[in-house]
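Notes follow the structure.
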Amino acid sequence: MTSTQSTAPQFDAIVIGAGVNGLYTLYRLRELGLSVRTLEAGAGVGGTWYWNRYPGARLDSESYSYGYFFSEEIQQEWSWSEEFAGQPELERYFNFVADRLQLRPDIELNTRVASAHYDAETASWTLRTTDGRTFTARFVVFATGILSRPLFPEITGLDEFSGAYHHTALWPHEPVELAGKRVAVIGTGASGVQLIPSIADQVEHLTVFQRTPNWCAPSNNFHFSAERVADLKSRWREIRDTCRETPGGFIHSPRDESALDVSADERQALYEKLWNATGLALSHSNFRDLLTNREANDTVSSFIAEKIRTRVHNPDVADQLIPKDHGFAMKRPPLETNYYEAYNRDNVELISLDKEPIVRATEQGLETTRRNLDFDVIILATGFHAGTGPMLKVDITGEDGAALQDYWADGPRTLLGVLVVGFPNMFIVSGPQGGTAGNIPRFGELQANWIVECVRHMKERGYQKIEATPEAEEAWVEHAIGTVEKTLLSQANSWYFGSNVPGKKRAFQLYAGSQSTYRSRLDEAAREYQDFKFTSE
């Protein structure tokens, strides 16, 4: 053992990240009687819901389907206030959970991990933080998620801008003064779609720079009555069981029939019904072939395009807001509230970047190929370096000093989305090839449970380390890729493939199979553990 390791805090397991999945993983590992420490870069818990505090930030999963189901006490003691909780309520929820489960003593806040290196001699991991501290542990669990590393656009001269600029994923804790300001928003993904209508009536002028439009569905959010809260509490097990059985982990489930097997009137009636339902009903309670048959997809895409034309008064602006490069749900559709109506305001202008690219930032604002525009505030709603991005921000080396950055150069390679060949005792929760475009906590729960049972298995048999076999990993990579190749998702350029990151090789970052299939694969792997190599102490 090195002198550094001998003086470093030593734990059985270290969890990186105190978001929705990190908190749950910490709780479950502690149940095994392990010494566990969670390292969190933020000054508070909540992960996504600590960092993303921009105006309008809220869930697109129904609140009661997103929260924790493992504890009846949490279910009964916490009351959601609306169908889709906003960021402040979600941050309060995770702080409530951290206090209710007494997790805080095992969480180190303001602690960003810079490197994680495996030591084969001691079969342990050494983690170093950006402030120079060192931690060691037998196991390390990356609960850094798939959407936690902000992506900044390549705009020359942005630091020369005399006003303020902010990324939606790193929004300041102190209030950002936007009232009466000239504001630019770059990006119309999920964050931009939530932000734009939330600030349009406050600012003097809002200029929206759009690279590609998204198909958006109305959230139809509403505040809960006391009766609604009581009903949800009484039915929490029913809701839990529904979320465990649906393909995406939501309360929504696809219909059995094809969109092409019913009449045009029947299709229209269903689309109207789903348009007026909550959340992701339009994408997840629709016809079964929405994402496998382009002709079927065209029917719902045409329906939404007509809705956009109805809601946006200027036909030219409406046309700019209708996607031409992909059909509905081929990218995860943002949920919106009065998004399209925002463009009817006299103080809101939409600029398509394909027609008028940004050349550079100036001291006064932004220069495009056509003009100079003055702004007081620039908001970067430019999304994330998704999938592999959060983990690759950390210098991770496995056996023989192999770098994860090199191993994943052509895209993620994992076994079940939880282990990586050459990186023993390193687990992942809700990361590449295990993270989902569905209800993230529901899949993360499956992964955390599997990891805990695997560690239990190792403790009972005196195993020192676990490794994935190359053959099993290759089979999983082929399966994960296969889940998307069978769908229309493969035809879209989206963050699912890292297409939004300049220079990143196109590779599917997630798992697109159903929740039941994924659960079956995890269960199968846990029965015999044939896909793993164990080493005894």
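FYI, side chains are in, hydrogens and waters are out, and symmetry mates aren't considered; it's all heavy atoms of this structure. One-based numbering along the sequence shown.
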Going by salt bridge (charged side-chain N to carboxylate O under 4.0 Å, His left out), name the pairs with one or both residues in residues 421-434, residues two or more places apart or in two chains. none
Contacts of Asp241 meeting salt bridge (Lys or Arg N to Asp or Glu O under 4.0 Å) (sequence neighbours excluded), chain-then-number -> none
Tell me if the aromatic rings of Trp236 and Tyr64 count as close, with their centers under 6.0 Å from one another. no
Contact list for residues 9-19, test salt bridge (charged side-chain N to carboxylate O under 4.0 Å, His left out), sequence neighbours left out: none
Under a 3.5 Å cutoff, is there a donor and acceptor pairing between the side chains of Thr388 and Lys504? yes
With ring centroids as reference points, do Phe11 and Trp125 lie under 6.0 angstrom apart? no
I'd like to know if the side chain of Arg255 pairs up with that of Ser285 as donor and acceptor (distance under 3.5 Å, no hydrogens or angles considered). no
Side chain to side chain contact (heavy atoms under 4.5 Å, CB included) partners for Leu335, two or more places apart: Asp60, Phe84, Ala217, Ser219, Leu280
Side chains of Glu82 and Asn221, donor plus acceptor under 3.5 Å: yes
Those residues at least two apart in sequence (or on a different chain) that pass side chain to side chain contact (heavy atoms under 4.5 Å, CB included) with Ala85 are Leu59, Ser63, Trp80, Glu89, Leu90
Can you give the donor-acceptor pairs under 3.5 Å from side chains of residues 442-450 to other protein atoms, not counting sequence neighbours?
| unit_1 | atom_1 | unit_2 | atom_2 | d |
| --- | --- | --- | --- | --- |
| Arg442 | NH1 | Ser65 | O | 2.7 |
| Arg442 | NH1 | Tyr66 | O | 3.4 |
| Arg442 | NH1 | Gly67 | O | 3.2 |
| Arg442 | NH2 | Gly67 | O | 3.2 |
| Gln447 | OE1 | Ser430 | N | 2.4 |
| Gln447 | NE2 | Gly434 | O | 2.6 |
| Gln447 | NE2 | Tyr518 | OH | 3.4 |
| Asn449 | OD1 | Tyr24 | OH | 2.5 |
| Asn449 | OD1 | Arg28 | NH1 | 2.6 |
| Asn449 | ND2 | Glu445 | O | 3.2 |
| Trp450 | NE1 | Leu522 | O | 3.1 |

Identify, with sequence neighbours excluded, every residue that meets salt bridge (Lys or Arg N to Asp or Glu O under 4.0 Å) alongside Arg30. Asp106
Side-chain atoms of residues 407-420: list all donor-acceptor pairs with protein atoms under 3.5 Å, sequence neighbours left out, distances to 0.1 Å.
| unit_1 | atom_1 | unit_2 | atom_2 | d |
| --- | --- | --- | --- | --- |
| Tyr407 | OH | Glu473 | OE1 | 2.3 |
| Trp408 | NE1 | Arg413 | O | 3.0 |
| Asp410 | OD1 | Lys505 | NZ | 3.3 |
| Arg413 | NH1 | Glu474 | OE1 | 3.4 |
| Arg413 | NH2 | Glu474 | OE1 | 2.5 |
| Thr414 | OG1 | Gly417 | N | 3.0 |
| Thr414 | OG1 | Gln433 | OE1 | 2.9 |

Note: Asp99-Arg104 ion pair, threshold 4.0 Å (strictly below): yes
ring-ring contact (aromatic ring centres under 6.0 Å, His included) partners for His252, two or more places apart: none
Between Arg527 and Glu524, does any side-chain N to carboxylate O distance fall below 4.0 Å? no
ring-ring contact (aromatic ring centres under 6.0 Å, His included) against Tyr529, all qualifying residues, sequence neighbours excluded: His457, Phe532, Phe534
Thinking salt bridges, do Arg235 and Asp231 make one under a 4.0 Å N-O criterion? yes
Applying salt bridge (Lys or Arg N to Asp or Glu O under 4.0 Å), name anything that partners Lys465, two or more places apart in sequence or on another chain. Glu399, Glu467
If the condition is salt bridge (Lys or Arg N to Asp or Glu O under 4.0 Å), which residues does Arg37 pass it with, not counting sequence neighbours? Glu108
Ignoring hydrogens and geometry beyond distance, is a side-chain donor-acceptor pair present between Arg506 and Asn493 at under 3.5 Å? yes
Between Phe70 and Tyr27, is the ring centroid distance below 6.0 Å? yes
Quick one about Gln76 and Glu72 (side-chain donor to acceptor, distance below 3.5 Å, no hydrogens or angles considered), yes or no? no
Does a donor on one side chain and an acceptor on the other come within less than 3.5 Å for Ser79 and Lys233? yes
Under 3.5 Å, is there a donor on one side chain and an acceptor on the other for Thr517 and Ser520? no
For the residue pair Phe423 and His117, is the inter-centroid distance of their aromatic rings smaller than 6.0 Å? no
Within 45° of the ring axis of Trp51 and under 6.0 Å from its six-membered ring centre, is that where the NZ or CZ of Arg53 lies? no
